[in-house]
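Just so it is clear, the values below take in all heavy atoms, side chains as well, and ignore hydrogens, waters and symmetry mates. Bear in mind that the values here come from a model prediction, so they are computed numbers and not experimental data. Proteins get letters first, then strands, A, B, ... in listed order; numbering begins at 1 in each.
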Protein chains: 2
Amino acid sequence: MQKIKILLAEDDENLGMLLREYLIVKSYDADWFINGEKAYKSFIKTHYDLCILDVMMPVKDGYTLAKEIRLTNAEIPIIFLTAKSLKEDIIEGFKAGADDYICKPFSMEELLFRVEAVIRRTRKDAAGIQQSEYKIGDYVFSPNTQLLRYGNTEHKLTTKESDLLKLLCANKNMILDRNFALKTIWVDDNYFNARSMDVYIAKLRKYLKEDPRVQIINVHGKGFKLIES
Amino acid sequence: MQKIKILLAEDDENLGMLLREYLIVKSYDADWFINGEKAYKSFIKTHYDLCILDVMMPVKDGYTLAKEIRLTNAEIPIIFLTAKSLKEDIIEGFKAGADDYICKPFSMEELLFRVEAVIRRTRKDAAGIQQSEYKIGDYVFSPNTQLLRYGNTEHKLTTKESDLLKLLCANKNMILDRNFALKTIWVDDNYFNARSMDVYIAKLRKYLKEDPRVQIINVHGKGFKLIES
DNA sequence: GTGAGCTTTTAACAATCTTTAACAGTTCTT
DNA sequence: AAGAACTGTTAAAGATTGTTAAAAGCTCAC
C-alpha cells in the first residue's frame, strides 16, 4: 500500500521539522518546505495527496500558494495552519479552497485527526464509494440525476436539495455537522446560509414524509441526522 | 467506573504533586510516580486510560518507559513532558509512540487541553459498541430515534435528554459519575452545566414516573444511578 | 434584453430546546 | 445543631430550529 504523500509548508523551523517528523512517524510521507515559493516548486513536479500550509509565510503566503495549487489541481485537499483565529482569515482560507483549517496552537492529536478526516473524505469521493443510488426507507435517491423515487412517483430535486440530501445520506445515522454541511455546500457558513439550510431541511422533510420510518432529526447546536428505523 | 485513570510519571516532586492535584480537581483519577521504574510497576498491574510521562527521569527515562508500555499496550495514549524544546527529543518521543508532547514550561490549561483532545479521540474510537434499544421496566428507549415508548404512547426526547438517558442505561444499576456524564455530554464540566444536568435528571424522572419500579436515584457527591427493581 | 418559470435567499413569526435563575429541600461536615 | 455543599424542581430567559411566504437571483427561449 502506498504511503500518503503530504506537502508541508511552514516557515517556523522548529514546528516545521517537528510536524514533518510526526507525520513520518505516523507513517505518512511528508516533505517540508520553509516557504511557499519552495513548496510550490516541489508541488509542480511531484505528486502529493494532501497539503498542509501555514497561512503566514515569507516570500509566498499560504493563501497565495493555495490559489496557485488550485490552478493546477482542483481536487487535492488543503489544510491551513493559522495563528489567528480571526473569522476573516478562515473565510479567506475557504475561498482559497481549503478543506479544513487549524488554529495555532494546536495539538498533534488535532492535526492528525483532521488529516485523517480529510483523507477519509477524499478516499470516499475518489474511490467511487460515492453511491450513485441511495436507498432511504422506501425511497430511492439518485444524486446524479437528482431524482427521488417513491414507489412509481418520481420527484426532481433542485441542486441544493440534492446536495444536502446526498450529504445526509453519506452520513446516514450519524450527525451531519451543520458547519461542515454549510462549508461544503454553501462555502461560507454565515447566519443567512444557516437559515437557508434550515429551509432546505424543511423541504426535504416534506419530500420524505411518506415513509414514517425515515426521519431527519435535529441535534440541537450540532447538526442533523438522517435516520432510518 | 467512569473516571478516567491517568498514569503520571514525573521526577520533580513539586510539579508531580501539582499536576496530580490539578488532574484530580478536574475530576480525573491520577496516580503519580516519582520515576519510570515505579510508574511501570504500577502500569503492569493497573488499568490506565492515559499516560503522561516526563522525558528526563532518573532510574528509567520517559522514552524507555514509553517503549515498555507500548510492548504491553499499543493503544493507550501517551503524552510526553519535555523540558527542552529540542527537536531531537520530540522526534525521539514520537518514535517511542507518543500521541502528543508538551514543552516545559507549560500552563495547566495547555495540559488539560491536550489531555482532553486525546481523550475525545479515544472515546470516539471506543463508542462503537452500543445498544440500539434499551428496556427500562415497562419502557423501551431507542437512542437512535430518541424515542421513549411506554405501552403504545411514544414520547420524543430532545438530544440532551436522550444522551443522558443513554448514559444512564449504559450504566444501569451502576453509578453514572457526574463529571463523566458532564464531560461526555456537555464537554465542559462547570457549575452551570452541572445544574443543567440536574434539570435534565428532573425531566427524565418525570418521563419515567409511570413505572414505579424504575427510578433515577442520586448518589450524593458522586452521580446518579438508574435502577430497575 | 426581457419576462416566464424556476431556484435560492431573506424575512417573519412560531415552536422547541437549552441554560440560567431562584428557592426549597436534602445530605454531609464539624 | 448549624453551616456548607449538593440536589430537586419550576419557571424565565436566551438561543436554535421549523415553517411559510415573499423577495431576489438566475436561466433560457423568444
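Side-chain proximity of Arg195(A) to dT17(D), dT8(C), dT18(C): nearest is dT17(D). Taking every side-chain heavy atom of His220(A) into account, dT17(D) is the closest of dT17(D), dG8(D), dT27(C). Side-chain atoms of Asn193(B) lie closest to dT19(C) of the nucleotides dT19(C), dT7(C), dA21(D).
Heavy-atom distances to DNA chain D give each of Arg178(A) and Val199(A) a nearest nucleotide, and the one nearer the 5′ end belongs to Arg178(A).
Between Tyr207(A) and His155(A), the ring planes are perpendicular. Angles over 60° get that label, and only those under 30° would be called parallel. Ring geometry for Phe80(A) versus Tyr63(A): interplanar angle over 60°, hence perpendicular rather than tilted (30 to 60°).
Rounded to whole Å, the distance from CD1 on Ile185(A) to P on dT7(C) is 16 Å. Atom CD1 of Ile201(A) and atom P of dT16(C) are 18 Å apart (whole Å). Atom CG of Asn218(B) and atom C1' of dT9(D) are 14 Å apart (whole Å). Gln146(B) places its CD atom 13 Å from the P atom of dT17(D), with the value rounded to the nearest Å. Straight-line distance from the CZ atom of Phe192(A) to the C1' atom of dA12(C): 12 Å, rounded to whole Å. The nearest whole Å value for the distance from the CG atom in Asp177(B) to the P atom in dC6(D) is 14 Å. One can place CZ of Phe224(A) at 13 Å from C1' of dC17(C), the figure rounded to the nearest angstrom. Straight-line distance from the CG atom of Asp163(A) to the C1' atom of dT9(C): 16 Å, rounded to whole Å.
The shortest distance between the side-chain N/O atoms of Lys160(A) and the OP1/OP2 oxygens of dT9(C) is below 4.0 Å. Remark: Lys206(A) is in phosphate contact with dT20(D), judged by side-chain N or O atoms under 4.0 Å from OP1 or OP2. For the pair Lys222(B) and dC6(D), the criterion of a side-chain N or O lying under 4.0 Å from OP1 or OP2 is not met. For Thr159(A), no side-chain nitrogen or oxygen approaches OP1 or OP2 of dT7(C) to under 4.0 Å. Dashed line: the shortest gap from a side-chain N or O of Arg205(B) to OP1 or OP2 of dG8(D) is under 4.0 Å. At the phosphate of dT9(C), OP1 or OP2 sits under 4.0 Å from a side-chain N or O atom of Trp186(A).
Aromatic pair Tyr22(A)/Tyr28(A): ring centres not closer than 6.0 Å.
A salt bridge links Arg178(B) with Asp198(B); the closest basic N to acidic carboxylate O contact falls under 4.0 Å. Between Glu228(A) and Lys172(A) a salt bridge is recorded (basic side-chain N to carboxylate O distance below 4.0 Å).
Although no hydrogens or angles enter the test, the distance criterion places no donor-acceptor pair under 3.5 Å between the side chain of Asp61(A) and the main chain of Met56(A).
As judged by a 4.0 angstrom heavy-atom cut-off over every strand, Tyr191(A) is placed among residues making no nucleic acid contact. Across all strands, Asp198(A) comes closer than 4.0 Å to base atoms (heavy-atom distances). Counting non-hydrogen atoms under 4.0 angstrom, Ser196(B) reaches a base of the nucleic acid.
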